[in-house]
Amino acid sequence: PLTTMAVEISDDKALEALGALALGLHSSGLVKNHRHRLRSYKDSFVGSEAVDWLLDQKIVTSREDAVVLGKALVVTGFICHVTHEHTFQDAMLFYHFASSHKKEKGGKLVK
């Protein structure tokens, strides 16, 4: 299982597979504009919904394995938490694709 498998993230094949996974996730329909506590997070997705999608697509067989893949996407820079406060979690937390956002002064994320 993925939870016990050591992933060599510098491996080109692993990076290519994670890139393909990120593309699939991006085109999954989960990426939307979200609001939380009067803040808007453009082009973001919910961690727990991404976990559901990974299971529905049969990419993983458990929620734990989905979290391992999500964390690998964070470590490799494909995705990040919208405020950079969390690693990937199976929770109602917002993430976006790191390549489509940049950080301005004051921590405000913009496209």
Side-chain angles (χ1 to χ4, degrees):
L2 289 173
T3 52
T4 59
M5 180 176 71
V7 177
E8 182 59 46
I9 303 228
S10 63
D11 180 316
D12 288 340
K13 287 184 182 182
L15 284 172
E16 186 177 320
L18 287 170
L21 176 63
L23 284 174
L25 183 58
H26 193 274
S27 62
S28 67
L30 297 176
V31 179
K32 304 172 187 167
N33 296 335
H34 291 89
R35 290 186 62 82
H36 179 69
R37 295 187 179 167
L38 304 177
R39 292 207 57 179
S40 294
Y41 300 101
K42 188 174 181 181
D43 299 328
S44 59
F45 62 94
V46 178
S48 58
E49 291 177 1
V51 168
D52 292 339
W53 180 81
L54 290 166
L55 287 164
D56 291 346
Q57 298 299 307
K58 303 197 182 327
I59 296 169
V60 295
T61 57
S62 72
R63 298 189 81 79
E64 294 80 11
D65 286 350
V67 170
V68 170
L69 276 181
K71 287 181 178 182
L73 289 170
V74 170
V75 168
T76 54
F78 287 106
I79 66 171
C80 59
H81 181 258
V82 294
T83 61
H84 303 275
E85 294 176 19
H86 302 279
T87 187
F88 188 82
Q89 296 179 36
D90 182 4
M92 185 65 183
L93 295 172
F94 302 134
Y95 299 87
H96 60 219
F97 292 88
S99 63
S100 65
H101 288 79
K102 65 181 180 179
K103 196 168 184 178
E104 282 187 344
K105 283 187 176 179
K108 182 180 179 188
L109 294 169
V110 295
K111 196 164 187 177

Peer 1: Are any of the side-chain heavy atoms of N33 and Y41 separated by less than 4.5 Å?
Peer 2: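 They are not in side-chain contact.
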Peer 1: Can you find a heavy atom in the side chain of F94 that is under 4.5 Å from one in the side chain of T83?
Peer 2: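 Sidechains of T83 and F94: no contact.
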Peer 1: What's the separation between atom OH in Y95 and atom OG in S44, rounded to the nearest 0.5 Å?
Peer 2: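 It is 11.5 Å, given to the nearest 0.5 Å.
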Peer 1: Between E85 and H81, what is the shortest heavy-atom contact and its length?
Peer 2: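 That would be N-ND1, 3.3 Å.
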Peer 1: How many angstroms lie between atom CG of L23 and atom OG of S28, to the nearest 0.5 angstrom?
Peer 2: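 It comes to 11.5 Å.
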Peer 1: Tell me the closest heavy-atom pair linking A91 and V46, and the distance in Å.
Peer 2: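 So the minimum-distance heavy-atom pair works out to O-CG1, 3.7 Å.
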Peer 1: Side chains of F78 and L25: does their closest heavy-atom pair fall under 4.5 Å?
Peer 2: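 Counting from C-beta outward, F78 and L25 never come under 4.5 Å.
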Peer 1: Once you measure the plane-to-plane angle for F45 and F97, does it fall in the parallel (<30°), tilted (30-60°) or perpendicular (>60°) bin?
Peer 2: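 Ring orientation of F45 relative to F97: tilted.
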Peer 1: Atom NZ in K58, atom CG in D56: separation rounded to 0.5 Å?
Peer 2: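 That separation rounds to 7.5 Å.
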Peer 1: Using a strict 4.0 Å threshold on nitrogen-to-oxygen distance, state whether D43 and K32 make a salt bridge.
Peer 2: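 Not counted as a salt bridge, because no side-chain N and carboxylate O are separated by less than 4.0 Å.
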Peer 1: Considering all heavy atoms of both residues, which atom of H26 and which atom of V31 are nearest to each other, and what is their separation?
Peer 2: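 Distance-wise, the nearest heavy atoms are O-CG2, 3.8 Å.
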Peer 1: Mind telling me whether H84 and H96 have parallel, tilted or perpendicular rings, with 30° and 60° as the class edges?
Peer 2: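 H96 and H84: perpendicular rings.
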Peer 1: L69 and F88: side chain to side chain contact (heavy atoms under 4.5 Å, CB included), yes or no, with the steps?
Peer 2: CA-CA 9 Å; L69 276 181; F88 188 82; over 6 Å; no
Peer 1: To the nearest 0.5 angstrom, please state how far the CD atom of E49 sits from the CG atom of D90.
Peer 2: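 So the CD of E49 and the CG of D90 are separated by 11.0 Å.
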Peer 1: Measure the spacing between CG of L21 and CG of L73 and express it to the nearest 0.5 Å.
Peer 2: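 That separation rounds to 5.0 Å.
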